[in-house]
Amino acid sequence: MPEIAIRLPDGSEVRCPAGTPADEAVKTEGLMAVLVDGRLRDAYTPLTADCAVEPVTADHPAALEVLRHSAAHLMAQAVARLYKNVEFAIGPTIEDGFYYDFALEHKFTPEDFVKIEAEMQRIVKENLPIRRKVTDKAGARAIMEGQGAKYKLELLEEVGDEPLSFYTQGEFTDWCRGPHLPSTKSIRHFKLMKVAGAYWRGDEKRDMLQRIYGTAFLTADALKDHLRFLEEAAKRDHKKVGQQLKLWSFHEEGPGFPFFLPHGMVLYDTVVDHVKRMHFDRGYQQVKGPIILNEDLWHRSGHWDHFHENMYFTAIDEKMNAVKPMNCPGHLLIYKEDLHSYREMPLRFFELGLVHRHEKSGVLNGLLRVRAFTQDDAHLFCELDHVKEGIKEVNQLVFDMYRDFGFTEFKAAVATRPEKAMGSPELWAKAEAALAEALTEQGMAFKIKPGEGAFYGPKIEFNIKDSLKRDWQCGTVQVDFSMPERFDIEYMAADGQMKRPVMIHRAILGSMERFLAILTENCGGAFPLWLNPRQVAVVPVSEEKFGAYARTVGGRLKAAGLRTVVDTRDESLGKKIREATQLKTNYILVVGAKEQEAGTVAVRRRDGADLGARPLDAVVETLLRERETRSVNPLME
RNA sequence: GCCGAUGUAGCUCAAUGGUAGAGCAGCUGAUUCGUAAUCAGCAGGUUAGCGGUUCAAGUCCGCUCAUCGGCUCCA
């Protein structure tokens, strides 16, 4: 046997005979896998040549991935033991865990999870070695035919002639790239989460399989933390919070059409006010088009061809009309009312546009996915040479807006030409390049989403990250050469020629409804002062004795524009404080004899902190500062 | 749209196939209170809707609707 040299991360080198398994060469406790020359491999992989080996143990970034992949196999094995005639599809890892798709007669219920988890534990205890075997396509086919695995056979037909690996643990064998843990014994901290239907290969025309989602972690604490996180997210659910704080509601009578209650409307208007101010400061002109427009317009715009399944139609005097799903055609009509000059460019039309889109019933979800929503929509018309500047200007507004609403982390992606697209590929390429260049010049990293552009142009998608580290898509910026063409819009260029402008479609918060849901879940309903519909509650210790002073205090606050309630109900002080706190009122001002005499208020924050008596003037001053600076944290300390 | 689960008072939840109940909220009265629930009384329901099985249905079956979790789609 020739000797080979193994380099370890600490710079040391060991020599061993070629073919030595990696785990024997590196001799590391708790080895889950190894990186051989940077490639993830099984711990027992034979080393055949000089190489660099990095051990993957529990603290390695790749550890979770390996663990979860093995957990998916573990679950599949348990399912195979417990149920008859199970067909296996695929079982990958995902962000928070793993899933496996099965086809079988039995319908899984969450009660089955107990049984499956118990079987999984049993397999863990059996300490089955997980071993890799490589075969060729014919060998693979033989194995799969033996298993009656029609889904896997279908996938097999699509791969080339490269060697294929199978992993076996006990009686269970699965086609898999790997790597896997060396044994089932180290999969300890897992939980099956939910069962759901999933189309085979994500195609709604094909079989509906049963998917079980699970998660697995390296330690019991990490699993517990994850479950706690999910609980926290559930507590912050905007539907729940919206009901508790009486912000919005949903009714059977209008699925997908949310109701805004008085306090929700205050929140909505506060957001709108800020959005408008930011746009006016940047040269946008607000417009508003009608909600219903005749069908011809939608043929001209291309929406009928590309979007009509999502549109609502309504007859007026026997003529067909469409309820608008987008605002752009309206803005094009407005554009065409005047002769435009290059001197006005970029021309910026802004609309809080109420659009209706027919969404499939199964996708509706609170305010996050509705059938009628208001977009913070705008269209910029610019000269061809200035498209990139236009995009950059818009992007800057996007960044500013997210920061103002307290979102400091966001990501961008460029979505390119979809299959159903209008306009020439050359124009698409040009538009895609403009978007990418603008982002690059602004130092904004982005990824590419192939084929995910709108039918009339490629787009930048902006995602914000909330306080629970979840991503939400909000803004889009789209470059469009087609719509100006279709509507034959022009402007007078500096050289006296009539030219065709380019259109930039953009929304920043996206849908106001959706954004309010995100805002709500970001803070769990405990809105920063500037946004909160309930900013201050004034609570007299006794209504009879101090009610008048409480109303005076309330009057001062209201005069300063602070959203204030004076709670003069015949209830105990403790109860009024409790209720105001539960409604996430930023500040509770308690007034009694001492305060009345001294012209002060006793300040209590919603987090329970009792700040003691403060002069009313000072309180008003601080609250106004907190509001004007849009502070996320309370300024009263 | 597809797969699955769920639907009881305004809210949160109980109720072996055998008279639908509690807490909170609401109303009335008492209480005037110093930092997260004062006390008492009253009222509140075609158990999502429609149909079926049964002597008897909140409970079992079917259909419809809505919601939730996923899939597909998407702001």
Side-chain angles (χ1 to χ4, degrees), chain A residues 99 101 103 107-111 193-213 234 237 239-240 243-244 246 249-256 307 309-310 325-326 353 355 357-377 415 452 454 459 461-463 472-476 507-515 517-518 539-547 568-583 588-595 602-613:
Chain A
Y99 67 79
D101 285 347
K107 303 280 183 212
F108 288 125
T109 65
E111 288 80 66
M193 306 299 292
K194 54 198 171 194
V195 55
Y199 297 113
W200 169 234
R201 313 201 74 178
D203 182 342
E204 58 187 326
K205 290 184 191 64
R206 309 190 65 167
D207 292 356
M208 176 64 74
L209 307 172
Q210 296 190 69
R211 174 174 297 177
I212 299 181
Y213 286 92
D237 185 290
K239 299 180 284 290
K240 194 171 184 157
Q243 186 191 54
Q244 286 161 347
K246 295 191 183 302
S249 60
F250 304 90
H251 297 269
E252 278 195 23
E253 288 81 352
F307 209 72
E309 284 169 13
N310 288 296
M326 295 188 194
V355 296
R357 297 183 187 175
H358 180 70
E359 300 292 345
K360 291 178 178 178
S361 58
V363 306
L364 303 178
N365 181 0
L367 292 178
L368 289 169
R369 194 74 184 273
V370 292
R371 285 177 172 156
F373 58 99
T374 305
Q375 292 182 307
D376 59 333
D377 200 5
E452 294 194 23
K459 59 185 177 183
E461 294 180 353
F462 286 103
N463 274 63
W472 302 99
Q473 206 217 300
C474 291
T476 66
I508 297 178
L509 303 181
S511 139
M512 302 303 287
E513 288 75 2
R514 181 184 164 78
F515 187 69
I518 295 166
V539 182
V541 169
S542 153
E543 147 66 6
E544 267 178 25
K545 295 181 198 152
F546 316 114
T568 53
R569 289 175 306 158
D570 179 17
E571 296 289 354
S572 69
L573 175 61
K575 180 159 182 167
K576 291 190 216 179
I577 288 173
R578 178 182 154 85
E579 288 183 2
T581 307
Q582 282 178 330
L583 290 171
I588 298 165
L589 307 181
V590 177
V591 295
K594 285 175 287 185
E595 289 76 19
V603 181
R604 184 189 160 104
R605 281 196 320 234
R606 65 183 167 196
D607 61 9
D610 185 348
L611 305 179

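Each chain gets a letter, A, B and so on, in the order the sequences are listed, and its residues count up from 1. As the structure is a computational prediction, the values presented were derived from the model and not from experiment.
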Exercise for the section: For nucleotides B:rC55 and B:rU19, find the distance between their C1' atoms and express it as a whole number of Å. Expected result: 16 Å
Problem - C1'-based separation of B:rG34 from B:rU38 [nearest Å] - result: 15 Å
Handout entry: Check ion pair A:Arg569-A:Glu579 (N to O, under 4.0 angstrom)
Key = yes
Exercise for the section: For the pair A:Asp610 and A:Arg604, find out whether any cationic side-chain nitrogen is under 4.0 Å from an anionic carboxylate oxygen. Expected result: no
Problem - Whole-angstrom distance between B:rU47 and B:rG21, as gauged at atom C1' - result: 12 Å
Problem - Nearest-Å distance once atom P is located in both B:rG62 and B:rC3 - result: 14 Å
Exercise for the section: Could you tell me whether A:Arg201 and A:Asp203 have a side-chain N and a carboxylate O separated by less than 4.0 Å? Expected result: no
Problem - Sugar-phosphate only, base, or nothing, as touched by A:Glu595 at under 4.0 Å among non-hydrogen atoms - result: base
Exercise for the section: Output yes when at least one side-chain N/O atom of A:Arg604 is less than 4.0 Å from OP1 or OP2 of B:rA36, else no. Expected result: yes
Practice task
Check every strand shown and say whether A:Ala580 touches a base, only sugar-phosphate, or nothing at a heavy-atom separation below 4.0 Å.
Solution key: nothing
Handout entry: B:rU12: pairing nucleotide in any strand, Watson-Crick or G-U under 3.5 angstrom
Key = B:rA22
Handout entry: Euclidean distance for C1', B:rG49 against B:rA15 (whole angstrom)
Key = 22 Å
Handout entry: C1'-based separation of B:rU8 from B:rG58 [nearest Å]
Key = 7 Å
Exercise for the section: Look at A:Gln244 and B:rU12 and indicate whether a side-chain polar atom (N or O) is within less than 4.0 Å of OP1 or OP2. Expected result: no
Problem - Contacts of A:Arg606 that satisfy salt bridge (Lys or Arg N to Asp or Glu O under 4.0 Å) - sequence neighbours left out - result: none
Handout entry: Heavy-atom protein contacts under 4.0 Å, nucleotides 62-75 of chain B, coded B base, S sugar-phosphate only, - none
Key = ---SSSSBBBBBBB
Handout entry: Gap in Å between the two C1' atoms, one belonging to B:rC74 and one to B:rU53, rounded
Key = 44 Å
Completion exercise
Across every strand shown, the nucleotide meeting Watson-Crick or G-U wobble geometry with B:rC2 (both distances under 3.5 Å) is B:rG70
Just the table, please: protein N/O against nucleotides 38-46 of chain B N/O, every pair under 3.5 Å.
from   : atom 1 : to       : atom 2 : distance (Å)
B:rU38 : OP1    : A:Ser572 : OG     : 3.4
B:rU38 : OP2    : A:Ser572 : OG     : 2.5

Practice task
Under a 3.5 Å limit for both distances, which nucleotide forms a Watson-Crick or G-U wobble pair with B:rC39, could you say?
Solution key: B:rG29
